[in-house]
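Note that the coordinates shown come from a computational prediction; the quantities given were computed from them, not determined experimentally.
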Amino acid sequence: LQHPIRCRYCQFMEDFRHNTFFTLEQAREAAARKHFECRQALSRIRSRSDATPYISHGTALELLGLTATLNYSPNYDSDLIHVSVQDRKDLRRIRGMKFHYARHVIETVHADELVSSVHAAQALCQIAPYTDIDSLVIAMDWLTCANSELRICSHDELADYIRNMPRFIGNVNCRKALALSKEGTDSPQETVIRLGANTYGLPDAQVNYEIFDYIRGSGTLKVDIAYPEDHVCIEYDGIYHYTHDRWMYDLDKRNRLRDLGYTTFVATREHLASEQKLNELYGMVARAIAEYRLNHGTVSVP
């Protein structure tokens, strides 16, 4: 639980600001807008060639509803529509698009009669050379998220896919990201907070952890990020927490957690936008963990 001189991940967040959906409807709207853009682009290509380009890379992930802003390298333009072709002669230079030659067999998913994309797991492998490990973790957590209507696959299925892929550029980063990814998250912000906590030096956390309310004898309380052995948790409050009903629910939930012996800390968008605020939060979490271990005899005192 040591405080680093500088939180590397905080600078990453300040520079790139990982945004995300707050509701399923907003995620669907973002996917619908991307689908319309893809149809417009592919309709132009179909009139010029018989080639079949497939929506790929980050564009394929956006087409499925990923709204987190990933940290791409300068040689990847996320504003372009990225497509892959299976024959080099089908490569084109078209304004607003980027063509890639697919060295491996393309596994396709059909959105409609005009728009087809590569499989989400394959798209993740495609962006691996253009982004960093942390961004890959964010994308992996989204693919295996808790929301059944957005979830693409399980963590085991994703791991099997990556391990069975023929060797590709970015393979090493994908494997490293797999070790950091966790199934069942609710949003990229929670992933950002968890990765930042790891960098800070906090213990490995559980996501969407369910705490049984033994005092009332029934029901469970689900928390975003938990350190169960130390009775400490972190909740991320997005904009959807600011309605009156949700606010009252959160107050009752945190009172119950306190009654169960859990110390709860709340992270907001302001924490993600400030290195100082986030480090202060991690410091409070670290002290709460240390205090619990000291009081319950799980740490030795020199």
Side-chain angles (χ1 to χ4, degrees), residues 7-31 58 61-62 64-72 78 124 127 131-152 155 177 180-200 202 204-209 221-227 232-243 246-247 249-250 253-254 257 264-285:
C7 176
R8 171 187 61 81
Y9 205 77
C10 292
Q11 184 61 46
F12 174 65
M13 287 184 292
E14 284 181 336
D15 291 344
F16 299 99
R17 302 290 180 85
H18 291 274
N19 302 307
T20 185
F21 55 86
F22 295 108
T23 66
L24 179 60
E25 289 70 25
Q26 288 174 323
R28 285 171 171 165
E29 288 172 5
L61 297 177
E62 293 176 50
L64 291 170
L66 175 64
T67 56
T69 304
L70 306 182
N71 179 21
Y72 287 113
S78 59
L124 187 142
I127 67 171
T131 191
D132 56 25
I133 294 173
D134 294 324
S135 291
L136 289 174
V137 175
I138 290 170
M140 289 178 179
D141 282 7
W142 167 76
L143 288 176
T144 63
C145 70
N147 190 311
S148 60
E149 296 189 54
L150 292 175
R151 178 187 179 96
I152 304 298
H155 191 274
L180 296 171
S181 174
K182 288 186 180 291
E183 184 173 354
T185 59
D186 281 327
S187 75
Q189 276 95 336
E190 292 173 19
T191 301
V192 169
I193 293 167
R194 190 185 81 246
L195 291 176
N198 290 345
T199 300
Y200 188 91
L202 293 173
D204 190 37
Q206 300 289 324
V207 299
N208 271 344
Y209 185 77
L221 302 171
K222 184 181 290 186
V223 296
D224 297 331
I225 299 170
Y227 302 93
V232 175
C233 57
I234 304 174
E235 291 273 78
Y236 175 74
D237 279 7
I239 194 171
Y240 61 91
H241 284 264
Y242 301 153
T243 65
R246 181 68 195 211
W247 181 63
Y249 170 82
D250 287 340
K253 175 182 177 181
R254 285 155 194 169
L257 286 169
T264 305
F265 295 94
V266 179
T268 65
R269 291 176 66 89
E270 285 68 28
H271 288 94
L272 296 184
S274 168
E275 176 181 358
Q276 179 181 351
K277 285 183 179 295
L278 197 59
N279 270 333
E280 288 175 353
L281 177 69
Y282 292 147
M284 288 186 277
V285 173

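At a threshold of 4.5 Å between non-hydrogen side-chain atoms, the residues V266 and R254 count as touching.
At distances below 3.5 Å, at least one donor-acceptor pair connects side-chain atoms of D224 with backbone N or O atoms of Y236. Side-chain atoms of T144 come within 3.5 Å of backbone N or O of M140 as a donor-acceptor pair. One N or O on the side chain of T131 and one on the backbone of N71 form a donor-acceptor pair closer than 3.5 Å. Under a 3.5 Å cut-off, the side chain of R151 and the backbone N or O of C145 do form a donor-acceptor pair. A donor-acceptor contact shorter than 3.5 Å links the side chain of D141 to the backbone of K182.
One distance of note links CG of D237 with CZ of R269; it measures 12.5 Å at 0.5 Å rounding. Here the CD atom belonging to E183 is positioned 11.0 Å from the CG atom belonging to N208, to the nearest 0.5 angstrom. In this structure, CG on L143 lies 12.5 Å from CD1 on I138, to the nearest 0.5 angstrom. In this structure, OG1 in T67 is found 9.0 Å from CD in E62, a value given to the nearest 0.5 Å. Rounded to the nearest 0.5 angstrom, D134 CG and T199 OG1 are separated by 6.5 Å. I193 contributes atom CD1, which lies 12.0 Å from atom CG of L202 (distance to the nearest 0.5 angstrom).
The only member of F265, Y200, Y227 that meets ring pair (Phe, Tyr, Trp, His ring centres under 6.0 Å) when paired with Y282 is Y200. Each of T191, V137, L136, D204 was compared with L180 under the side-chain contact (heavy atoms from CB on, under 4.5 Å) criterion, and only V137 meets it.
Within a 6.0 Å radius of NZ in K277, other residues, nucleotides and ligands contribute 12 heavy atoms or fewer.
Of the N and O atoms on the side chains of S274 and Q276, not one donor lies less than 3.5 Å from an acceptor on the other residue.
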List the steps, then state whether side chain to side chain contact (heavy atoms under 4.5 Å, CB included) holds for I234 with E190. CA-CA 9 Å; I234 304 174; E190 292 173 19; over 6 Å; no
Would you check, one step at a time, whether the test side chain to side chain contact (heavy atoms under 4.5 Å, CB included) holds for V207 with R194? CA-CA 9 Å; V207 299; R194 190 185 81 246; 3.8 Å; yes
Between N147 and W142, is a side chain to side chain contact (heavy atoms under 4.5 Å, CB included) present by the stated rule, with each step listed? CA-CA 9 Å; N147 190 311; W142 167 76; over 6 Å; no
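Of all non-hydrogen atoms in G184 and A146, the two that sit nearest each other are O-CB, 3.5 Å.
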